[in-house]
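Single-structure report; data block below.
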There are 2 protein chains.
Amino acid sequence: MDHVDRILAQWQAERPDLQLRPMGLLGRIKRLGAHLGQGMERVFAAHGLNAASFDVLATLRRSGAPYALTPSQLMDWTMVTSGTMTNRLDRLEAKGLIRRVRSDRDARSVTVQLTDEGFALIDACVTEHVANQHRLADALSETEQAELDRLLSKWLAGFEPPED
Amino acid sequence: MDHVDRILAQWQAERPDLQLRPMGLLGRIKRLGAHLGQGMERVFAAHGLNAASFDVLATLRRSGAPYALTPSQLMDWTMVTSGTMTNRLDRLEAKGLIRRVRSDRDARSVTVQLTDEGFALIDACVTEHVANQHRLADALSETEQAELDRLLSKWLAGFEPPED
DNA sequence: GCCTTTTATCTTGACGTCAAGGTATTTCAA
DNA sequence: TTGAAATACCTTGACGTCAAGATAAAAGGC
């Protein structure tokens, strides 16, 4: 009898006409996502970051040398709007973690590049982040994690058709 | 090869020292949660609500007659801070969906009650919401949904120790 | 060469959230 | 009885987000 079960029991009593089966599943995904998010934010915060700024720096870092992408590419990877990305980049630039370089070939275009400070910070942060993810997933065995990943991949494929 | 796989492949190339196994799992939970959240928001929006306002009205509705709880009880159920709840209640009150009643017994306390309009709205909305949840979960068979729910419950139990 | 359309990014305004703190009230131990 | 602590709710200020639209530049049809 967890939090989600209590919610389902209330609905069952008040609206016995409803077919509640998927509600528990969706509720658990949402709550688990919230707990995992909080668990990850702690590591980000220890490095002066949050999920938003980590997301940008990590995307640049894993893109490989020269650790530079355009705002549009970053928007594609992180799935946020242009206004959100402008705001994120403004803050990261103010902290000296990225730098905006105007393109020579296209005056509309900007390249966002990790500074040395940004590179060092994200490299240290992601190392801790990965270790933290291991801790967060430890409640399940490797077999269970693999089975869960299989089911989530199948579900996710309906929203994000795989390519290649 | 989905979006998460592409991220993992980039990390693998750039940081082969990292043990990336749990990263895919956590990434898929996050992305799936985002897609499901968007899918649910559409139904809320069709009734002039969003996830936040739906959450409050649904909590009041499923609490049973007289469909009234204090802000503190609502905070416990919805897991938001007091400032957030005040803001939510202000907006719902302005729309005439809830009403605040000062307590006779404790002058600090307030009872938040569904109005007739609020009751009618949330009852209609939750009916559609449940049908929508079925659609969103349709990508998995009933067996798969049950297995997924089992694994998520186990994982979630580490964050929210079950009671009773 | 021009004019429309598309592309790339930034700006604005509204909203939801939280942390920290404020105010009023109640509780409880001395 | 009274004064400190706890409780219940609200206020404030900062932040992250989005939708809509602004600006500027490039591309393409004629």
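Naming convention: chains lettered A, B, ... in sequence-line order (proteins, then strands); numbering from 1 in each chain. Note that these values count all heavy atoms, side chains included, but never hydrogens, waters or copies made by symmetry.
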Let me have the donor-acceptor pairs involving side chains of residues 116-128 of chain A, under 3.5 Å, with sequence neighbours excluded, atom names and distances please.
residue	atom	partner	partner atom	Å
A:Glu117	OE1	A:Thr115	OG1	3.3
A:Asp123	OD1	A:Arg61	NE	2.5
A:Asp123	OD1	A:Arg61	NH2	3.4
A:Asp123	OD1	B:Arg15	NH1	3.1
A:Asp123	OD2	B:Arg15	NH1	3.4
A:Thr127	OG1	A:Asp123	O	2.9
A:Thr127	OG1	B:Arg15	NH2	2.8
A:Glu128	OE2	A:His47	NE2	3.2

Quick one: is [N] close enough that its OP1 or OP2 comes under 4.0 Å of any side-chain N or O from [X]?
| X | N | result |
| --- | --- | --- |
| B:Thr86 | D:dC10 | yes |
| A:Arg108 | D:dA27 | no |
| A:Thr81 | D:dA19 | no |
| A:Arg88 | D:dC15 | no |
| B:Arg91 | C:dG16 | yes |

Report summary line: On a heavy-atom basis, the closest approach of B:Leu152 and A:Leu25 is CD1-CD1, 3.7 Å
Could you check whether [X] gets within reach of a base, just the sugar-phosphate, or nothing at all, counting any heavy atom under 4.0 Å?
| X | answer |
| --- | --- |
| A:Ser109 | sugar-phosphate |
| A:Asp106 | sugar-phosphate |
| A:Arg100 | sugar-phosphate |

Query raised in the report: Hey, what's the ring geometry for B:Phe44 with B:Phe54, parallel, tilted or perpendicular (30° and 60° as the breaks)?
Result: parallel
Report summary line: Separation of D:dC15 atom C1' from B:Asn87 atom CG, nearest Å, is 14 Å
**Report entry** Given C:dC10, D:dT11, D:dC18, the nucleotide with the shortest approach to the side chain of A:Val80
**Finding:** D:dC18
Report summary line: Considering only heavy side-chain atoms of A:Pro71, the closest of D:dA25, C:dC10, D:dC9 is C:dC10
Report task. Check each residue of residues 31-58 of chain A for a non-hydrogen atom within less than 4.0 Å of any atom in DNA chain C, then write out the ones that pass by number, or none. Result -> none
